[in-house]
Asks: 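Below is a structure I'd like to ask you about.
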Protein chains: 2
Amino acid sequence: MAQLFRLDSSSGVPFYRQIIDQVLLAVADGRLKVGAQLPTVRQLAVDLSVNLNTVAKAYREMEIRGIVQTQQGTGTFIAARASGGRAREKRKAVSDLLDRFIANAEAHGVPIEDLVEALVERAENARRRTT
Amino acid sequence: MAQLFRLDSSSGVPFYRQIIDQVLLAVADGRLKVGAQLPTVRQLAVDLSVNLNTVAKAYREMEIRGIVQTQQGTGTFIAARASGGRAREKRKAVSDLLDRFIANAEAHGVPIEDLVEALVERAENARRRTT
DNA sequence: CCTATTGTACTAGTAGTCTAGTACAATGGC
DNA sequence: GCCATTGTACTAGACTACTAGTACAATAGG
């Protein structure tokens, strides 16, 4: 498999947060499926050349947020989505996210058409991967 | 002028870096032209509700990188050699924004297809509004 | 010259991130 | 039972980002 994690030390984003983001991305676009095992904290720490505690912190936060399930002695796995959320709540979540996203994009001077184009492309890649 | 700068305190990216990024993007897409004056350090600090030193740090780093020219007592201005690699920067900006957006959505259990649908709808509304 | 406005410089303190090292706890395979 | 492997927990220290407050330096304009 292609390298799943890569850190950008020049971005200013904390490592543990980058790890979380990349797990979420991988889940969103199908590279990581429910039940898949993540690298062990020690292995990933070596791969990324960061400290064991940094990886552990990322895993712990993902555990709390329900993104993964950890079993001491066994490993860390992508959790079955607690997507029991009702349709109404989901719609509101999407709306709120979009508000922030578009506002952010506008602050960066990115036209909305570019966003649509890029997002559609990502979605297609994800679909291709899951079928 | 529309709000040129906006900070995202939840992104984990340092404020001073966000300021630099947004100046670069504004230059890249023409909202800031060579010779344009940036807000004063004090004014921007008030606008963004951050400390004077944080803005000063951003300006100082941009000065060093040749993005702006500062004149004590006068102001801070976009330097002549500031513009370069606009298409590349824009593409990276879109990509970074998307990464965060999708990861964020996934964290909320929102599938990527829903995002496409909602975003397309917004884009159509926006187009209808501007024509 | 005087004053307001601009950027600059410095100290001090708080909070968060990351590293380093060590030890403990639970699981699975033998 | 034994032991390797997994995640967890803790302390200590270095470093960075940010805030807060103060003072200084250069410029523009009356």
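Chain identifiers are assigned alphabetically (A, B, ...) following the order of the sequence lines, protein sequences preceding nucleic acid strands; residue numbering begins at 1 within each chain. What you see below is based on every heavy atom in this structure, not just the backbone, and it leaves out hydrogens, waters and symmetry mates.
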Asks: In whole angstrom, what separates N51(A)'s CG from dT11(D)'s C1'?
Replies: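 Rounded to the whole Å, the gap is 13 Å.
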
Asks: For the side chain of Q72(A), starting at C-beta, report the closest nucleotide among dT8(C), dA25(C), dC18(C).
Replies: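 Nucleotide nearest to Q72(A)'s side chain: dA25(C).
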
Asks: Going only through I, L, V, M, F, W and Y residues with side-chain contacts under 4.5 Å, is there a path from L52(A) to I20(A)?
Replies: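 No.
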
Asks: Any side-chain N or O of Y16(A) under 4.0 Å from OP1/OP2 of dT17(C)?
Replies: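 So the side chain of Y16(A) is within the cut-off, an N or O lying under 4.0 Å from OP1 or OP2 of dT17(C).
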
Asks: So that I can tick it off, tell me whether R122(A) and D29(A) are bridged by a salt bridge, with the cut-off set at under 4.0 angstrom between side-chain N and carboxylate O.
Replies: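 Here D29(A) does not pair with R122(A) in a salt bridge, since their nearest N and O are not under 4.0 Å apart.
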
Asks: Quick one: is dT19(C) close enough that its OP1 or OP2 comes under 4.0 Å of any side-chain N or O from T54(A)?
Replies: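 T54(A) to dT19(C) OP1/OP2: side-chain N or O found under 4.0 Å.
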
Asks: Is E61(A) paired with K57(A) through a side-chain N to carboxylate O contact shorter than 4.0 Å?
Replies: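 Between E61(A) and K57(A) there is no salt bridge, as every charged N stays at least 4.0 Å from the carboxylate O atoms.
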
Asks: Without decimals, in angstroms, what is the distance between Q71(A) CD and dT27(C) P?
Replies: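 After rounding, the reported distance stands at 7 Å.
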
Asks: Just the rounded figure in Å: distance from P of dC18(C) to CG of D8(A).
Replies: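 Roughly 13 Å, once rounded to whole Å.
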
Asks: Taking the side chain of Y59(B) as its heavy atoms from C-beta onward, which of dA17(D), dC18(C), dG7(C) lies nearest to it?
Replies: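 Shortest atom-to-atom distance from the side chain points to dG7(C).
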
Asks: 5'-most contact on DNA chain C: G73(B) or T74(A), nearest heavy atom basis?
Replies: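 Nearer the 5' end of the strand: G73(B).
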
Asks: Per the atom types in the model, does the base of dG7(D) pair as donor or acceptor with the side chain of R42(A) at under 3.5 Å?
Replies: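 Check passes, donor-acceptor contact within cut-off.
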
Asks: Look at the side chain of R60(B) and decide which nucleotide, out of dT19(D), dA9(C), dT6(D), has an atom nearest to it.
Replies: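 In terms of side-chain proximity for R60(B), the closest of dT19(D), dA9(C), dT6(D) is dA9(C).
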
Asks: Rounded to the nearest angstrom, tell me the gap between atom CD1 in I19(B) and atom P in dA17(D).
Replies: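 Whole-Å distance recorded here is 13 Å.
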
Asks: Using side-chain heavy atoms (C-beta onward) and a distance below 4.5 Å, is I112(A) in contact with I102(A)?
Replies: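 In contact.
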
Asks: Roughly how many Å is it from CD in Q37(B) to P in dT27(D), rounded to a whole number?
Replies: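 About 15 Å, once rounded to whole Å.
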
Asks: Grab the CZ-C1' distance between F77(A) and dG7(D) for me, whole Å please.
Replies: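 To the nearest whole Å, that distance equals 11 Å.
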
Asks: Of the nucleotides dA9(C), dA20(D), dA20(C), which has the atom closest to the N53(A) side chain?
Replies: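 Of the candidates, dA20(C) comes closest.
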
Asks: Between E121(B) and N125(B), is there a side-chain donor-acceptor contact under 3.5 Å, judged purely by atom types and distance?
Replies: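 The answer is no; no qualifying pair exists.
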
Asks: Find the distance E61(A):CD to dT17(C):C1' and express it as a whole number of Å.
Replies: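 So the CD-C1' distance, E61(A) to dT17(C), works out to 13 Å.
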
Asks: OP1 or OP2 of dT8(D) sitting under 4.0 Å from any side-chain N/O of T70(A)?
Replies: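 Checking dT8(D) against T70(A), a side-chain N or O does come within under 4.0 Å of OP1 or OP2.
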
Asks: If the cut-off is 4.0 Å, is K57(B) near the phosphate of dC18(D), judged by side-chain N/O to OP1 or OP2?
Replies: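 No, because none of the side-chain N or O atoms of K57(B) sits under 4.0 Å from OP1 or OP2 of dC18(D).
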
Asks: Rounded to whole angstroms, how far apart are CE on M62(B) and P on dG7(C)?
Replies: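 So the CE-P distance, M62(B) to dG7(C), works out to 11 Å.
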
